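The structure appears right after this line, and notes come after that.
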Amino acid sequence: MICQTDISNVKAELAKNIGRKVIIKGKKERKKFFEEKAIIKNTYPAHFYVKNEEKETNTSYKYEDLLTNELQISIFDGKEYFPLVPTILKPKF
């Protein structure tokens, strides 16, 4: 069960990393998955925005998707990418 504290913690982590490069992995359709490189642009109460580096488009995602493992995000710390939310469950992609 997801509680408000979990969402607040994820939001705070993303807010600390605004402007950093990320890799986002998620499910597109039934058996199709996507992976994109982007930059965290902004955080809001229910979602956050990223800007795709290649396509120059903005996309929004919900914090709940990170906590339910529907979406995975890895943040670039200058040397390598590390996962924002450690995967507890078996990855879906």
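It should be emphasised that the depicted structure is a prediction, and the values quoted were computed from it without experimental measurement.
- Without hydrogens or angle criteria, Lys27 side chain to Arg30 main chain gives a donor-acceptor distance under 3.5 Å.
- Side-chain contact check for Ile7 versus Gln4: some heavy-atom pair is nearer than 4.5 Å.
- Taking the side chain as every heavy atom from C-beta outward, Ile73 and Phe48 approach each other to under 4.5 Å.
- Tyr81 and Ser74 make their closest contact through CD2-O, 3.6 Å (heavy atoms, listed as atom of the first residue, atom of the second, distance).
- Here the CZ-CG distance, from Arg20 to Leu14, works out to 12.0 Å after rounding to the nearest 0.5 Å.
- Each of Ile75 and Ile23 belongs to its own hydrophobic cluster when Ile, Leu, Val, Met, Phe, Trp and Tyr are linked at side-chain heavy-atom distances under 4.5 angstrom.
- Annotation for Lys21: atom NZ does not count as buried by contact number, only 12 or fewer foreign heavy atoms lying within 6.0 Å.
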Scan the side chains in residues 33-46 for donor-acceptor partners under 3.5 Å anywhere in the protein, sequence neighbours excluded, and list what turns up.
from, atom 1, to, atom 2, distance (Å)
Glu36, OE1, Asn52, ND2, 2.7
Glu36, OE2, Tyr61, OH, 2.5
Asn42, ND2, Tyr44, OH, 3.3

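- Distance NZ/Lys55 to OG1/Thr59: 8.0 Å, rounded to 0.5 Å.
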side-chain contact (heavy atoms from CB on, under 4.5 Å) between Lys62 and Asp65, intermediate numbers included: CA-CA 6 Å; Lys62 296 184 290 185; Asp65 291 340; 3.9 Å; yes
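- Tyr49 and Val22 fall into different hydrophobic clusters, where Ile, Leu, Val, Met, Phe, Trp and Tyr side chains are chained together by heavy-atom contacts under 4.5 Å.
- At most 12 non-hydrogen atoms from other residues, nucleotides or ligands lie less than 6.0 angstrom from CD of Glu54.
- Between Asn58 and Val50, the closest side-chain pair of non-hydrogen atoms is not below 4.5 Å.
- With hydrogens and angles ignored, the 3.5 Å screen pairs a side-chain donor or acceptor of Tyr63 with a backbone N or O of His47.
- Side-chain contact between Phe82 and Asp77: present, with at least one pair of heavy atoms (C-beta onward) separated by less than 4.5 Å.
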